[in-house]
2 protein chains.
Amino acid sequence: MSKGQMSKGQPIRVLCVDDHAIVREGLMSIVALQPDMEIVGAAESGAEALKMFREFSPDVVLIDLRLRDTTGFELIRDILALSPSARTIVLTSFEGDVDIERALAAGAKGYVVKGMVREELLEAIRDVHAGKRHVPSAIAAKLVDHLASEKLTHRELDVLKEVSKGKRNKEIGAALSIAEDTVKMHVKSILMKLGVNDRTEAVTIALRRGIIHLQ
Amino acid sequence: MSKGQMSKGQPIRVLCVDDHAIVREGLMSIVALQPDMEIVGAAESGAEALKMFREFSPDVVLIDLRLRDTTGFELIRDILALSPSARTIVLTSFEGDVDIERALAAGAKGYVVKGMVREELLEAIRDVHAGKRHVPSAIAAKLVDHLASEKLTHRELDVLKEVSKGKRNKEIGAALSIAEDTVKMHVKSILMKLGVNDRTEAVTIALRRGIIHLQ
DNA sequence: GAAAAAATAACCCATTCGGGTGTATGGGCT
DNA sequence: AGCCCATACACCCGAATGGGTTATTTTTTC
């Protein structure tokens, strides 16, 4: 790892990971214009990203949360396993507080939403390269909004995913090999934790917050 | 309109409309590399797009469906109202059959999904500029899959949107100023047309197919 | 102007749902 | 050992839901 003694004159070496060619292209063209940065690679999958990370040891890695062969969360963990001092920034269109929380928990140093102004991204890259965290206040605010809200347990998540498929409690019980009454218990808990009236609103709120995703 | 006698030597003049700076940047950099194309403008809102369209009379307009101040559907209609021979291509991440159908119904000549390969987009631009339609078979297949499925009526859509908020039939009735029994009638019809078991699945299927969108 | 489609409303009825309360078991942390 | 928490199960009950049928009025379409 040749990051410790990086002098001010050397450009920030950036790797970007996104399965959309347009986004990779856009990132490259934005970053390439900065005199203090350079793109060392653009990967379209997690596997390719890891290969490029090993090969180029970039200073900063930009990562989308949705990838073809893995998730951004997993990729961040994989990269940190290779190099614990790696600096990663999530660049995604997901804005749910749970997505943000999971990304930061996985070890991301920054979280930037696609659709922000160009400067926000560049600032994030410079901050994170300098060892700082960079989470825009609008993003941080979403986390704060749900600080008090209880997290769903693993089992509740299982149930919620089945609920989103339109299954009845009885069917969910059969699918998860538990009693219908247990399912009802979980559903009640889910509704309470999410602060909603019924299972349908539970699903839409969960989608909005990034607790579950379609497909 | 100086499009009729466009000679082969002149580049295809492209306008792109997307509220994400990264995507605009990516499009510009992809198109700029093509010898037979040039970007004449990049708008980040519908209003700006119309202004640029009037100013530059581009040969082809690339349009995202989600814009800050309007929708892609509306923008396509607005552009066609200005210039009935305008050629527009939808470039979006929405893949629901209803999104596709609405876009083509609005007058789009092409429909390309973000995340396709670079060549797909370039081919679409050339095809559409040449007066052809360009809808990739994967996209067309989604339309075909739902050819038989009945469309929801306007009122059913109103009800479905309320359902997605977690409202009860009684509350929906109050919101729409109709009897609860009428709401139940609409809900029954919705479930039948979408081929689902309950209101929750109706919402997730509707989201997937682009019949409704969150927020 | 007639025919078709959509919107409205009212029944019935079995099932499901949401809310309340209580109990039990097995990890994990202190 | 004691405690918390997740998980699992049971029972009660009123309200909401989904399915079936019929009918009137309005709107759209041909």
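Hydrogens, waters and symmetry mates play no part in the numbers below; they use all other heavy atoms, side chains included. Below, chain A is the first sequence line, B the second, and so on; all start at residue 1. The structure presented is a predicted model; accordingly, all values stated were derived computationally and were not measured.
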K.L.:
Under 3.5 Å, is there a donor-acceptor pair between the side chain of B/Lys109 and the main chain of B/Gly107?
P.N.:
yes
K.L.:
Can a salt bridge be assigned to the pair B/Arg155 and B/Asp158 using a cut-off of 4.0 Å between side-chain N and carboxylate O?
P.N.:
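Here B/Arg155 pairs with B/Asp158 in a salt bridge, since their nearest N and O are under 4.0 Å apart.
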K.L.:
What's the NZ-C1' distance between B/Lys193 and D/dG18, to the nearest Å?
P.N.:
17 Å
K.L.:
Could you tell me whether a side-chain N or O of A/Thr204 sits under 3.5 Å from a main-chain N or O of A/Glu201, the two making a donor and an acceptor?
P.N.:
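Pair found, side chain donor or acceptor close to backbone of A/Glu201.
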K.L.:
Enumerate the residues from residues 154-177 of chain B whose closest heavy atom to DNA chain D is under 4.0 Å, giving them by residue number; use none for an empty result.
P.N.:
B/Arg168, B/Asn169, B/Lys170
K.L.:
Are any side-chain N or O atoms of B/Arg208 and backbone N or O atoms of B/Gly96, one a donor and one an acceptor, separated by less than 3.5 Å?
P.N.:
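No.
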K.L.:
One pair to check against side chain to side chain donor-acceptor pair (under 3.5 Å): A/His213 and A/Asp99. What are the steps and the verdict?
P.N.:
CA-CA 10 Å; A/His213 296 281; A/Asp99 288 319; 3.1 Å; yes
K.L.:
Within this structure, what is the NE2-to-C1' distance between B/His186 and D/dG19, rounded to whole angstrom?
P.N.:
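In whole Å, D/dG19 C1' lies 17 Å from B/His186 NE2.
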K.L.:
Provide, to the nearest angstrom, the distance between the CD atom belonging to B/Glu180 and the C1' atom belonging to D/dG18.
P.N.:
13 Å
K.L.:
Please tell me which of the listed nucleotides, C/dT8, C/dG18, D/dC9, lies nearest to the side chain of A/Arg199?
P.N.:
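Output: C/dG18.
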K.L.:
Atom CZ of residue position A/Arg209 - does it have more than 12 heavy atoms of other residues, nucleotides or ligands inside 6.0 Å?
P.N.:
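Yes, because the 6.0 Å sphere around CZ of A/Arg209 holds more than 12 heavy atoms from other groups.
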K.L.:
Using a cut-off of 6.0 Å, state whether more than 12 heavy atoms not belonging to B/Arg66 lie near its atom CZ.
P.N.:
no
K.L.:
What is the distance from NZ of A/Lys184 to P of D/dA16, rounded to the nearest Å?
P.N.:
15 Å
K.L.:
Can you check the A/Leu152 CG to D/dT7 P distance for me, whole Å?
P.N.:
10 Å
K.L.:
For a quick test of reading the model: is some side-chain N or O of A/Thr153 closer than 4.0 Å to OP1 or OP2 of D/dT7?
P.N.:
yes
K.L.:
In whole angstrom, what separates B/Asp181's CG from D/dG20's P?
P.N.:
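About 16 Å, once rounded to whole Å.
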K.L.:
Rounded to whole Å, how long is the line connecting atom CG of A/Leu191 with atom P of C/dG19?
P.N.:
6 Å
K.L.:
Within the 4.0 Å heavy-atom criterion, would you say B/Thr182 contacts the bases, only the backbone, or no part of the nucleic acid?
P.N.:
base
K.L.:
Under 3.5 Å, which protein N or O atoms sit close to an N or O of nucleotides 23-30 of chain D? Give each pair with its distance.
P.N.:
none

K.L.:
Verify, without hydrogens or angle tests, whether B/Arg24 (side chain) and B/Asp18 (backbone) share a donor-acceptor contact under 3.5 angstrom.
P.N.:
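Yes, the answer is positive, given that a donor and an acceptor are paired below the 3.5 Å cut-off.
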K.L.:
Given the structure, check if the side chain of A/Lys188 and the base of C/dG18 hold any donor-acceptor pair shorter than 3.5 Å.
P.N.:
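Side chain to base: no pair below 3.5 Å.
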K.L.:
Any donor and acceptor pair, going by atom type alone, linking the side chain of A/Glu171 with main-chain N or O of A/Lys167 inside 3.5 Å?
P.N.:
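Side chain of A/Glu171 to backbone of A/Lys167: no pair is present.
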